[in-house]
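Please read all numbers here as calculations on a predicted model, not as lab measurements.
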Amino acid sequence: MSLASYIGCNKQIPVKDEYTEDLLFIGSCFADESNLQDVKNYQFTTSYVYEVSSNWGINISEYTHPETCAESKKKLIELCKIMDSYLEKGDFFELYSCWIGEEAYKRDGELTLQINNFDVDQIEIPEKTLVRFEK
């Protein structure tokens, strides 16, 4: 199984059609259209949903392997930089990570953060947690 991360927002953003070695990119990796539709229907409040690809989803918790957790923190910072460039003041995006096939499962938690005002070392974002990043 694979851990996938998804973002939802209310505007279209460009996606990469091909795999890249970037730390993180917006485009397909593990998910198919039914996975995207399920996360949109069951988790997000937004019009558009995208997979955030990076060979493994964003998972920041005390139970995550330290190396994976450190990489997830870097991915989250990069994702916020990318999304900050697309969003206007007052906009938001949502982030959700889960195992492929569990997009419609009940979420375990919710969290709201300011896109440019959080300490990545002071937060936990385990799988099945919906995070809303506000600008």
Side-chain angles (χ1 to χ4, degrees):
M1 290 185 83
S2 298
L3 186 71
S5 290
Y6 303 95
I7 57 169
C9 59
N10 288 317
K11 59 175 34 179
Q12 283 188 291
I13 56 176
V15 296
K16 293 202 177 185
D17 294 328
E18 297 179 8
Y19 177 81
T20 176
E21 292 292 328
D22 294 348
L23 175 67
L24 173 126
F25 65 96
I26 298 170
S28 297
C29 186
F30 302 122
D32 61 24
E33 283 303 313
S34 67
N35 301 126
L36 293 169
Q37 194 61 47
D38 280 348
V39 80
K40 180 179 179 181
N41 291 340
Y42 292 96
Q43 307 304 334
F44 290 155
T45 63
T46 59
S47 303
Y48 300 99
V49 61
Y50 305 93
E51 184 177 7
V52 177
S53 301
S54 58
N55 292 320
W56 198 253
I58 295 171
N59 189 354
I60 301 170
S61 99
E62 65 180 300
Y63 303 109
T64 306
H65 185 278
E67 187 175 305
T68 302
C69 189
E71 186 173 297
S72 287
K73 289 176 181 183
K74 289 178 186 174
K75 290 176 188 177
L76 181 61
I77 290 167
E78 181 65 20
L79 176 61
C80 286
K81 286 179 187 175
I82 291 168
M83 293 306 294
D84 188 40
S85 71
Y86 295 121
L87 300 178
E88 307 283 331
K89 185 171 173 52
D91 287 344
F92 68 93
F93 79 94
E94 297 169 321
L95 170 69
Y96 189 77
S97 298
C98 65
W99 296 99
I100 288 290
E102 295 184 356
E103 290 80 4
Y105 287 23
K106 184 176 185 254
R107 72 178 73 121
D108 291 338
E110 293 183 40
L111 179 64
T112 300
L113 299 169
Q114 297 302 309
I115 195 169
N116 291 318
N117 190 22
F118 66 92
D119 182 346
V120 73
D121 293 319
Q122 300 297 317
I123 60 171
E124 284 209 359
I125 305 176
E127 64 184 83
K128 294 189 199 162
T129 299
L130 178 68
V131 185
R132 179 180 168 125
F133 290 92
E134 299 175 340
K135 182 166 179 176

Check whether [X] and [Y] end up in the same hydrophobic cluster, where Ile, Leu, Val, Met, Phe, Trp and Tyr are linked by side-chain heavy atoms less than 4.5 Å apart.
| X | Y | answer |
| --- | --- | --- |
| V39 | Y48 | no |
| I26 | Y96 | no |
| V131 | L36 | no |
| L95 | F118 | yes |

Output all residues satisfying ring-ring contact (aromatic ring centres under 6.0 Å, His included) with F93, sequence neighbours left out; order by chain, then residue number.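 Result, ring-ring contact (aromatic ring centres under 6.0 Å, His included) vs F93: F133.
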Flag the pair [X] / [Y] as yes when at least one side-chain heavy-atom distance between them is below 4.5 Å, and no otherwise.
| X | Y | result |
| --- | --- | --- |
| Y6 | Q43 | no |
| F25 | I82 | no |
| S72 | I60 | yes |
| Y42 | E102 | no |
| T45 | F92 | yes |
| T129 | E124 | no |
| L111 | I125 | yes |
| K75 | E78 | no |

Minimal non-hydrogen separation, [X] against [Y], with atom names:
| X | Y | value |
| --- | --- | --- |
| C9 | Y50 | SG-CE1, 3.9 Å |
| F44 | V49 | CE1-CG2, 3.4 Å |
| P126 | S61 | CB-CB, 4.0 Å |

Measuring from [X]:[atom1] to [Y]:[atom2], what's the distance to the nearest 0.5 Å?
| X | Y | atom1 | atom2 | answer |
| --- | --- | --- | --- | --- |
| E51 | I7 | CD | CD1 | 10.5 Å |
| K89 | E134 | NZ | CD | 10.5 Å |
| K74 | I58 | NZ | CD1 | 13.5 Å |
| E127 | C98 | CD | SG | 8.0 Å |
| K73 | D119 | NZ | CG | 8.5 Å |

What residue pairs, at least two apart or across chains, pass salt bridge (charged side-chain N to carboxylate O under 4.0 Å, His left out) with a residue in residues 27-45?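 As it turns out, there is no salt bridge (charged side-chain N to carboxylate O under 4.0 Å, His left out) pair with a partner in residues 27-45 once direct neighbours are skipped.
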Taking I115 as the fixed residue, which of L79, D91, D84 is the one that meets the side chain to side chain contact (heavy atoms under 4.5 Å, CB included) rule?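 For I115, the side chain to side chain contact (heavy atoms under 4.5 Å, CB included) check succeeds only for D84.
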If we check side chain to side chain contact (heavy atoms under 4.5 Å, CB included) with L76, which of these qualifies: N59, I123, V52?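 Looking at N59, I123, V52, the match for L76 under the side chain to side chain contact (heavy atoms under 4.5 Å, CB included) is I123.
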Surrounding NZ of K11 (heavy atoms of other residues, nucleotides or ligands, distance under 6.0 Å), is the total greater than 12?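 Counting neighbours around NZ of K11, more than 12 heavy atoms of other residues, nucleotides or ligands fall under 6.0 Å, so yes.
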